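Worksheet: one structure, shown below.
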Amino acid sequence: MNTFTSVKQLGDLKKALEAAKYVTANPFADKALGQDKTVLLVFFNNSLRTRLSTQKAALNLGMNVMVLDVNQGAWKLETARGVVMDGDKSEHLLEAIPVMGSYADIIGVRSFARFESREDDYNEVILNQFIKYSGKPVFSMEAAIRHPLQTFADLITIEQYRQKARPKVVMTWAPHPKALPQAVPNSFAEGMSMTDFDFVIANPEGYDLAPEFTKGIRVTHNQDEALEGADFVYAKNWASYEHYGQVLSKDMNWTVTKQKMALTNDAFFLHCLPVRRNMIVSDEVIESPRSLVIPEAANRVVSAQTVLKMLLQDL
Amino acid sequence: MNTFTSVKQLGDLKKALEAAKYVTANPFADKALGQDKTVLLVFFNNSLRTRLSTQKAALNLGMNVMVLDVNQGAWKLETARGVVMDGDKSEHLLEAIPVMGSYADIIGVRSFARFESREDDYNEVILNQFIKYSGKPVFSMEAAIRHPLQTFADLITIEQYRQKARPKVVMTWAPHPKALPQAVPNSFAEGMSMTDFDFVIANPEGYDLAPEFTKGIRVTHNQDEALEGADFVYAKNWASYEHYGQVLSKDMNWTVTKQKMALTNDAFFLHCLPVRRNMIVSDEVIESPRSLVIPEAANRVVSAQTVLKMLLQDL
Amino acid sequence: MNTFTSVKQLGDLKKALEAAKYVTANPFADKALGQDKTVLLVFFNNSLRTRLSTQKAALNLGMNVMVLDVNQGAWKLETARGVVMDGDKSEHLLEAIPVMGSYADIIGVRSFARFESREDDYNEVILNQFIKYSGKPVFSMEAAIRHPLQTFADLITIEQYRQKARPKVVMTWAPHPKALPQAVPNSFAEGMSMTDFDFVIANPEGYDLAPEFTKGIRVTHNQDEALEGADFVYAKNWASYEHYGQVLSKDMNWTVTKQKMALTNDAFFLHCLPVRRNMIVSDEVIESPRSLVIPEAANRVVSAQTVLKMLLQDL
């Protein structure tokens, strides 16, 4: 593997989950692999879990880690071509990227959707420039339309907790005060398409995800119906794809409450975090014994370490 | 030791000072102890000495170090329970803390008094949530009402410089333009209560520390009287405890000047830093040969390393 | 070597370039040298290349690295003496520097010209306080009037690409929207004075560099004339020295374009980065095969590692 921008690049999911299981059991077994290798983590956006779990994963592999917050302590970067750079941006990505590439063996990039142009976001303009110009293996730490390290952690978590071969998994939209990217739900749908689970997406009208991510997947606008018999409930807010980046609804009837969970088959609750309590999910659901949000977050180390290991093996 | 939030947790002070002496002489002797162990340093507030000395201490012990500035590059954290999170805070401490715990073996936390509620501050709401929810050993890098790593460094410094078994130590309030927490003076008083030194606190009326920290300690409102015959002068500003968080005085007669030091037994001068020159202390006193502020700061590495070593030994 | 603030401290340039060549070929050969040694990188200003390349260099040498952004997460520092510190600055450099010194074996400092006083800038007030008070070897990561790590990287790059013993090297001023320090051009002129290259500086009237840096160097106000037959073109903006810190011209006739490069001997193009495209240099020149800006930036690791190695050897 020399790039990781979609969970589909894991290839054979069964093998990837086995690799993750090995990493879980043997976190320090591959320290020789990362020796004298440096991973650079480039953040255009805030991060807690990704920042820490990816550092931890790299340190477990014996790597050197450098963290760059682009908007703190570095230069503001121009991303458009052909511009006369007489404004507040001191440097162009076209220089910054190959320079970063020359200082690192592997580069992780976090670059969220900007909601300025659906086309730009869905073309992953920033991430793809890193791939094109850095000269080094690049992995996504959440880009505009996918968050594959999160999805891999989700898959690992479901694998650890599922009690049947083919669980029913429901991803449900839930309300949130601000416009959020579609990276996590897109990516989770991709991950589910790699399984034979019974997967359903529930969201209000106007919130259907991009067709390229929902092809062949059951989508309903009736949350209660979707939740019936669910083994896993994956809650997430996202802004509209159709009316791109807009918040069409903050309908608190979509909040995942105890009453909603009562419709399920005593489902486990999943969320990628950070989560707005009592918007996305009620206190009692997220604090219940069926909530897996903490082991799910803990699996972010396993996910990142398994991916970094694959990238290191193919350097 | 599996938590370090008060200097009293050092237990036998004599043994702790011996452990510190060993660390001073053998800074790299315990690198095997920290191997494959990660300490996460979480800062809710600014830091220079604590940030660097704690990193250095952990590196000396062979540990991996991750630094998280909560207000830079991470999500703003909600700390109150039961809130509908529809504002600017994206994540709740109740999720963030166990997640951080899952990425680290030991967690250091800096969380100053907020002066919004004396009760909240004196209940150490943030620090105690880390202890309760992280699942990992937690140590204070200055919390709302104590700064035990500083006090331990102070004790180490006094031990190195005292010329008699029972020196007279005076902690004196001094003026400052802004409201400062009581963590350092509270903690220093705690440290002194572990010794049999002749300890006196001098502060203006209205500035008496919380009774729980001054029980059995002589407190005077007459600085000159206190300074008489002192072997060590520990200067510090703090805001009022009684009129909680208020600045009642900026009386420059309390500034530690050459004239004030002339009242002492050629005392050593101590301050935890950062210090406002010519408010707390005059240039000539802080630059004099009796000023110990730099060795005192240098001892922050020894203090942190000794404590981290104890935490590692009991993992 | 126990300080590195000017490229002249490299002494014998030929030997220094050989040392750099060795480091390029054997990046991990000296990891024992840096073991248990900590470098502290102190940034008063933004940084991308210096931040990453110096970290990388130190890690290649097996060192521990601590990064401190003075204006983020630390205390604001007072730099003037004798001040009553009742404003927004919590700490004085006179305390902060020896404290930092006590936590590190080697200190790197970035402190740009402030353009408040030419005298202060040209006296390197901040950098020299670090040298005077830290008690540790100090190296410049760009100070007010010199950027020696950059110049050393420039010299290494020219050495790698020159096709004749005595190439013609032209440093030309180019337009920029804001006032920039003279550190890079001063330092590059110093570097050229260590060679026997045919070196010319071209800049508009009013932009002559300080006499101490241009002594014995040909300076012209005619860019076209200077570019004729050039083997290397080093573009850079700087604010006026004479009318200190002022932007006297944004004349786009000084932009390095394809037409300008046609005057040269198919010259290589150099710039320290970050660069304002279509102000300093046109897209087509910086993207051309003769542009060396990326290998030049990559050599920042070699430059820093060679210097750190010299500092470590003399600890």
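Here the structure is a predicted model, which is why all the values come from computation and not from measurement. Lettering follows sequence order; numbering is per chain, from 1.
With a 4.5 Å cut-off on side-chain heavy atoms, Val83(C) and Asn278(B) do not count as touching. Side-chain atoms of Val84(C) and Met252(B), non-hydrogen and from C-beta on, do get closer than 4.5 Å to each other. Residues Arg277(B) and Leu94(C) form a side-chain contact, since some pair of their non-hydrogen atoms from C-beta on lies under 4.5 Å apart. Counting heavy atoms from C-beta on, the side chains of Val275(B) and Glu91(C) never come closer than 4.5 Å.
A donor-acceptor contact shorter than 3.5 Å links the side chain of Arg276(B) to the backbone of Met85(C).
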side-chain contact (heavy atoms from CB on, under 4.5 Å) between Ile286(B) and Glu95(C), intermediate numbers included: CA-CA 9 Å; Ile286(B) 200 169; Glu95(C) 273 72 60; 3.4 Å; yes
Take Arg81(C) and Asp283(B) through the test side-chain contact (heavy atoms from CB on, under 4.5 Å) and record every step on the way to the result. CA-CA 9 Å; Arg81(C) 296 198 71 142; Asp283(B) 286 331; 6.0 Å; no
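With chain C as partner, the option from Val293(B), Leu273(B), Thr50(B), Val67(B) having the largest number of non-hydrogen pairs under 4.5 angstrom is Leu273(B). Per-residue heavy-atom pair counts under 4.5 Å with chain C were compared for Ala57(B), Pro295(B), Ser53(B), and the maximum is reached by Ser53(B).
How far CG of Leu59(B) is from CG of Asp36(C): 10.0 Å, rounded to the nearest 0.5 Å. Atom-to-atom distance recorded for Gln55(B):CD and Leu68(C):CG is 9.0 Å, nearest 0.5 angstrom. A distance of 5.0 Å separates CE of Met100(C) from CG of Leu48(B), quoted to the nearest 0.5 Å.
Heavy atoms of Phe43(B) lying under 4.5 Å from chain C are absent altogether. The contact between Leu40(C) and chain B is made entirely by side chain atoms (from C-beta outward), counting heavy-atom distances below 4.5 Å. Using a 4.5 Å cut-off between heavy atoms, Pro274(B) contacts chain C through both its backbone and its side chain. Interface residue Glu287(B): only side-chain heavy atoms are found under 4.5 Å from chain C.
Of all residues spanning residues 102-124 of chain C, those with a heavy atom less than 4.5 Å away from chain B's heavy atoms are Ser102(C), Tyr103(C), arranged by number.
By the neighbour-count criterion of 12 heavy atoms within 6.0 Å, atom NZ of Lys31(C) is densely surrounded, having more than that number from other residues, nucleotides or ligands.
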